[in-house]
Amino acid sequence: MLALVVAAALLLRWLPHHGLASVLPLAAAAVLALGIWLRQGLRYRRGARSVALESSAPDPLEILAISAAVVVLGALSLLTILLA
């Protein structure tokens, strides 16, 4: 989540060079960071429960969703650079 906030802050630097085209990847990074932050409590409780039960299993759907979102963010940033 912190890395996405930093990426969003770095995308702010693109505004003077790429104009409003840089707003789309900026908004995507901010929305993704917000979504991760909102689900953080659930992940914390699940992790605490897995420690208490001494068994841990990652949520593959969540890992896939975050990975896909990062790939989409990279693609949007690349498109912004190439088209603007």
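From a predicted model like this one, the values you see are computed outputs, not experimental measurements.
Taking a 4.5 Å side-chain heavy-atom cut-off between Ile, Leu, Val, Met, Phe, Trp and Tyr, the cluster of L76 extends to L24, V72. Clustering of Ile, Leu, Val, Met, Phe, Trp and Tyr by side-chain heavy atoms under 4.5 Å joins L10 with V6.
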Using a 3.5 Å cut-off and no angle test, enumerate the donor-acceptor pairs between side-chain atoms of residues 25-34 and protein atoms at least two apart in sequence or in another chain.
none

Under 3.5 Å, side-chain donor or acceptor atoms of residues 44-53 against the rest of the protein: list the pairs with distances, not counting sequence neighbours.
from	atom 1	to	atom 2	distance (Å)
R45	NH1	G41	O	3.4
S50	OG	G47	O	2.8

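Looking at I63, V71, V70 one by one, the single match for side chain to side chain contact (heavy atoms under 4.5 Å, CB included) with S67 turns out to be I63.
Two different hydrophobic clusters hold L61 and I36 under the rule that ILVMFWY side chains link at heavy-atom gaps under 4.5 Å. L42 and L64 are members of different hydrophobic clusters when ILVMFWY side chains are connected at heavy-atom separations under 4.5 Å.
Among residues at least two apart or in separate chains, salt bridge (charged side-chain N to carboxylate O under 4.0 Å, His left out) pairs with a member in residues 12-40 are R39-E62.
Taking the side chain to side chain contact (heavy atoms under 4.5 Å, CB included) definition, one finds that L15 meets it with L12, S22, V23, sequence neighbours left out.
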